[in-house]
Structures are given as structure tokens and as C-alpha cells.
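Atoms within each ligand, like the ligands themselves, are counted from 1 in listed order.
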Amino acid sequence: MKGEMEILNYIGGQWVPSRSEDMQDVINPATGEVLGHVRLSTAEEVKNTVDAAVGALPSWRRTPATERVQYLFKLKNLLEDNFEDLSRMITMECGKTLEEARGETRRLIENVESACGIPQLMQGYNSEDIARGIDEVMIRQPVGVCAVIAPFNFPGMVPFWFLPYAVACGNTYVVKPSEKVPCTLQKVFRLMEQAGFPPGVLNLVNGAKDVVDGLLDDPAIRAVSFVGSTPVAKYVYSRATAGGKRAQCQGGAKNPIVIMPDADMEMAARITADSAFGCAGQRCLAGSLVITVGEAKKPFTDAIVEAASTRIVGYGLDEKVQMGPVITQQSKARVEHFIEQGEKEGARVLADGRGTVIKGYEKGSFVRPSVLDGLPPAGEVATTEIFGPVLGLIHVEGIDRAIELINAGRYGNMACIFTDSGAAARKFRYEAEVGNMGINIGIAAPMAFFPFSGWKDSFFGDLHGQSLDALEFFTQKKVVAERWPKEWTRKF
Ligand code: NAD
């Protein structure tokens with residue numbers, strides 16, 4: 001149909017249509033319109049993609065790092081020039097508001113900027129005279145062909161937690177986007193082509209599980225970065241490492257926010273609402289469980305219900321909209337199921353998003369912000385990642401109990417605290433078992449020059465994405481001891 005995007009693979013510097021018969025619609029979750037069709041690439045196409053990356057490797061790793069990052073500088077400028085176009089595409093295929101999409105595009109670019117420092121970061125170190133006349137040096141070399149498997153909720157940004165660092169370090173790369181949102185990367189790869197990366201350095205292959213398995217089983221791929229749900233993260237980690245690959249696999253989350261009685265309730269509720277309902281709750285750092293302490297219970301509950309009920313829901317391209325849809329109709333049904341389940345577990349539904357229909361967007365998969373009060377802490381709803389705009393409230397008497405509940409959870413992606421007390425904040429920072437933390441902050445997303453941490457069932461691996469962790473992940477260290485005795489040297 002007119003205006004629908006043809007989703008192609010990008011292999012060895014060529015745009016190629018997949019020949020697969022297995023095809024899915026890409027749907028705008030706000031309007032229900034078909035944006036394009038994605039074919040789930042065949043095993044042969046996956047092999048061709050990896051072969052292209054293998055072919056480009058020898059020359060790319062010999063290209064000086066100072067030269068490699070010139071492509072990233074060009075890409076950064078092209079991304080800036082196309083900032084609005086990319087952000088609009090993110091909104092259209094993923095549903096988040098344009099403002100949220102702009103935030104995503106900015107984070108994407110920041111990772112390109114951060115990776116431009118690789119020529120210095122990639123330096124090794126050395127010791128002269130580890131024994132008489134013997135020197136030892138450590139140099140960093142690329143790992144080889146690497147791949148990223150991405151989730152739907154950040155179609156542009158997530159691959160860039162890894163990709164710029166990988167190629168700056170001299171690796172060649174394969175990207176497998178989520179089949180639900182393949183359009184943004186079509187545009188980003190057009191810009192990478194314009195930036196002039198040599199053919200085969202960056203490759204794009206579309207598909208779902210079979211494509212992932214093809215990548216995991218190909219011995220030419222030396223390192224895999226994955227971001228998605230916990231069961232798949234676990235699966236990818238075990239299958240990749242069983243094949244001797246490096247793997248870093250980020251999984252799901254259930255992020256608690258503790259509200260102390262001394263917090264500024266108005267500010268805490270406003271920021272918590274942005275955390276819980278921003279991106280329609282489809283952020284791995286979304287606050288999805290609030291634990292109020294003592295007297296915070298009533299004022300916070302009142303304020304958050306007010307914030308939930310007044311949030312403007314609609315199509316994200318409309319600038320006044322504050323929350324878009326969830327990704328699919330199936331996702332909407334799943335989120336609604338969890339609201340019902342919360343009720344069955346004894347919670348009171350203080351704001352109810354079930355059955356949401358937005359005028360003019362009747363085919364959209366909208367769920368209004370929902371608040372479940374008094375969830376049992378060990379129940380299904382309080383312990384499951386819902387990935388929608390549903391905030392559960394739990395009330396406890398003291399900070400020790402709040403931290404105990406957090407540490408009993410299976411995930412460790414993020415926890416936040418709102419308080420006026422330095423002592424409470426420090427205790428929380430010291431004791432809560434999570435990899436990303438916010439103190440009077442609702443979404444503690446690390447900048448590109450910090451690692452995107454995550455503990456427990458939110459992460460499988462050792463080295464995280466972004467910054468120095470990415471440098472470590474995408475290089476292997478070679479330690480050389482050398483001696484050059486004068487008497488062994490013919491002309492000196
Ligand atoms: P998902 O696990 O369904 O899919 C992620 C990727 O894995 C996709 O590319 C998909 O094609 C592929 N995939 C799906 N099922 C597979 C299977 N059985 N075998 C092999 N590959 C498979 O995740 P999603 O729904 O796209 O994304 C949402 C999830 O991602 C949430 O759980 C969210 O918390 C998580 N997430 C985590 C982080 C983080 O930093 N920890 C960041 C963003 C998203």
C-alpha cells in the first residue's frame with residue numbers, strides 16, 4: 001500500500017529484500033495502521049549477513065582507530081540533521097510520545113559521541129624491565145564479528161549501547177532489530193551508509209527467533225549483546241556462552257520506588273508518575289511498584305492517583321499528549337489481565353485503565369494509567385514485570401522493611417528513593433541490591449559514559465553496555481613479553 005515502508009536487510013553494503021515467505025505487519029500502535037511488512041529472514045540470509053561481516057573484518061581491524069571514529073563523527077552529524085525524522089519514526093512504530101522519542105534519539109547520539117573517545121580509551125599499558133632487558137605490554141585488539149539482538153521498546157537507542165563502541169574498537173557488526181519495530185533502524189542504516197562505513201562493517205538482518213538462533217549458532221560470531229525479557233536473556237546467554245562466545249544479556253525488571261514520609265510529596269508523585277507511566281510503562285527502568293513508608297501512605301496515594309487520572313493519553317505525535325499506547329493489542333490484553341489479577345489478589349483499583357478507547361484512535365492499543373493499592377508483596381502482580389502503565393502500591397512501616405522487600409525480589413535493574421534525609425538515602429544506596437539507583441530521581445538511566453548496570457535476573461553476563469564496560473567487552477587483551485638483546489641483533 002502507498003506509504004508503507006519496505007523493510008530490507010543491509011548486507012555487505014547492499015540493501016537486499018529478504019526472500020522469506022514468513023512475513024509480519026509492522027503496526028502503528030496508536031492508529032492501528034500498517035507501516036510496513038517485515039520478512040523474517042532465512043537461515044541462508046543470516047549466513048550471508050555474517051559472511052559479509054567476516055569479509056570486512058581484516059581490513060577494518062587494520063584501519064587505525066583514529067580513522068574508524070571519523071565515520072562516527074560523520075554519523076553523529078547526520079543523526080543531528082535527521083533528529084526529528086528519526087524521533088517521529090520512533091513514535092510511529094513504538095507508540096511513545098514525540099518528546100520521549102526525542103529523548104531516545106538524544107541518548108542514541110550520546111553513545112556515538114562517547115565512542116568517539118575510543119582511540120584514547122583503547123590504549124593498553126606497559127612495564128619496562130619486568131626482568132632485566134625484558135619489557136611487557138598489554139594491547140587491546142578487537143574481538144571479531146559481534147552482534148546485537150534488540151527489544152521493541154527503544155528501537156533506536158538500545159543497539160547504540162553497543163554498536164558505536166564495537167565498530168570503533170575494530171569489530172564488524174550485525175544488528176537484529178525487534179521484528180515489531182524494524183523501521184527506525186532502516187532510517188539509521190541509511191545514515192550509516194551515507195557516513196561511508198566500508199561495506200560489511202555494519203549489517204542489518206531482520207527476523208525473530210530463528211534469526212537469533214542462526215546468529216547464536218554461527219561460530220564466526222564472537223560476541224553477542226542482547227536486550228529483552230528475562231527468559232529470552234537467559235536463553236541467549238546460555239546458548240551463546242555454550243558456543244564459546246562472549247555474551248552480555250539484559251533482561252526484564254520490576255523497579256520499586258520508596259517514598260519516605262519526609263519526601264516532598266508533590267514532587268515525588270510527579271516524578272513517579274513520569275517513571276511509571278512514561279513510555280506507557282514500557283521502559284526497563286519504569287518504576288512499577290511504590291513502597292510508601294509510614295505516613296507517606298495517604299498523601300502519596302492521593303497525589304499519584306491525581307497524577308494518573310489527569311495524564312493526557314493519545315497519539316504521541318500530538319505534542320500535548322503525555323502517554324501513548326502499549327505496543328500491541330495482545331500487550332493491552334495482558335496488561336488488563338494484570339489489573340484484574342491485582343483486584344483478585346485484594347488490591348483496590350484506584351485508577352483503572354481497562355477498556356480505554358481514545359476518540360479518533362479507536363484501533364489503538366491504549367491503556368490509561370492504572371493504580372493498584374495495597375498489593376500483597378509476594379503476589380503475582382507485585383512480582384511480575386507487567387510492562388504497561390500499571391503502578392502497584394505497597395505500604396510498610398519502616399525503611400528496613402522496604403529494603404527487605406526490594407532485596408527479596410528476583411530483579412535488580414533499578415530502585416529509587418524519595419527522601420529529605422541524607423542518612424536514609426545513604427542507607428538505601430548502601431543496602432538495596434540493584435544495579436541502577438535513583439535518589440530523588442525516578443528514571444536512573446545511566447549516561448553514555450557510565451555502564452548501564454542491572455543485577456540479578458535483570459542481567460546475565462559480566463560486562464554491561466556503554467562506556468568502559470563496552471570497551472572491555474569489545475576488545476580482547478593481548479599481553480606481550482619481549483626482549484631484544486643487543487647481541488642477537490645483527491645491525492645495531
Ligand atoms: P523479547 O525478549 O520478547 O524480545 C527481544 C528480542 O529477542 C527481539 O529481537 C526478539 O525478536 C527476540 N526473541 C524473542 N523471543 C525469542 C526467543 N524465544 N528466542 C530467541 N529470540 C527471541 O523482549 P521485548 O518484548 O522486545 O522487549 C521488552 C523486554 O525488554 C522487557 O522485559 C524489558 O524489561 C526488556 N528490556 C530490558 C532492558 C534492560 O536494559 N535491562 C532495556 C530495554 C528492554
What protein heavy atom sits nearest [atom], and how far away is it?
atom: atom 39 (C) of ligand 1; answer: C284 SG, 3.2 Å
atom: atom 19 (N) of ligand 1; answer: K209 CG, 3.3 Å
atom: atom 23 (O) of ligand 1; answer: S229 N, 3.5 Å
atom: atom 35 (C) of ligand 1; answer: G228 O, 3.1 Å
atom: atom 27 (O) of ligand 1; answer: P151 CB, 3.3 Å

Which atoms from ligand 1 have a heavy atom of [X] less than 4.0 Å away?
X: Y235; value: 19 (N), 20 (C)
X: K176; value: 8 (C), 9 (O), 10 (C), 11 (O)
X: V212; value: 20 (C), 21 (N)
X: E385; value: 31 (C), 32 (O), 33 (C), 34 (O)
X: S178; value: 9 (O)
X: N153; value: 43 (C), 44 (C)

When you look for heavy atoms under 4.0 Å from ligand 1, do you find them on the side chain of [X], its backbone, both, or neither?
X: F387; value: side chain
X: V211; value: neither
X: F452; value: side chain
X: A233; value: neither
X: N413; value: side chain
X: W161; value: side chain

Run the side chain to side chain donor-acceptor pair (under 3.5 Å) test on S114 and Q466 for me, step by step, so that the C-alpha distance in whole Å, both residues' side-chain angles and the decisive distance to 0.1 Å come before the verdict. CA-CA 8 Å; S114 182; Q466 301 194 149; over 6 Å; no
Lys/Arg N to Asp/Glu carboxylate O, R106 vs E84, below 4.0 Å: no
Using 0.5 Å steps for rounding, measure from the [atom1] atom of [X] to the [atom2] atom of [Y].
X: L78; Y: F83; atom1: CG; atom2: CZ; result: 14.5 Å
X: I417; Y: I403; atom1: CD1; atom2: CD1; result: 6.5 Å
X: E4; Y: L35; atom1: CD; atom2: CG; result: 8.0 Å
X: L75; Y: N82; atom1: CG; atom2: CG; result: 10.0 Å

Evaluating non-hydrogen atoms only, which member of F152, F226, F154 is closest to atom 25 (O) of ligand 1? F152
Of V232, V227, I149, the residue with the heavy atom nearest atom 5 (C) of ligand 1 is V227
Tell me whether A150 reaches ligand 1 (any heavy atom closer than 4.0 angstrom to a ligand atom). yes
Main-chain N/O of G409 paired to K456 side chain as donor or acceptor, under 3.5 Å: yes
Charged tip of K254 within 45° of F387 ring normal and under 6.0 Å: no
Looking only at N/O atoms, are [X] and ligand 1 under 3.5 Å apart anywhere?
X: Q250; answer: yes
X: G251; answer: yes
X: E179; answer: yes

Ring centres of Y71 and F197 under 6.0 Å apart? yes
Within-4.5 Å side-chain heavy-atom neighbours: D462 and Q248: no
Does the side chain to side chain donor-acceptor pair (under 3.5 Å) test come out yes or no for S18 and E45, once each step is laid out? CA-CA 7 Å; S18 165; E45 289 160 349; 2.8 Å; yes
If the condition is ring pair (Phe, Tyr, Trp, His ring centres under 6.0 Å), which residues does F460 pass it with, not counting sequence neighbours? none
Students often mix this up, so state it plainly: with edges at 30° and 60°, are the rings of F189 and W15 parallel, tilted or perpendicular? perpendicular
Per side chain to side chain donor-acceptor pair (under 3.5 Å), Y165 is matched among D469, N171, N111 by N111
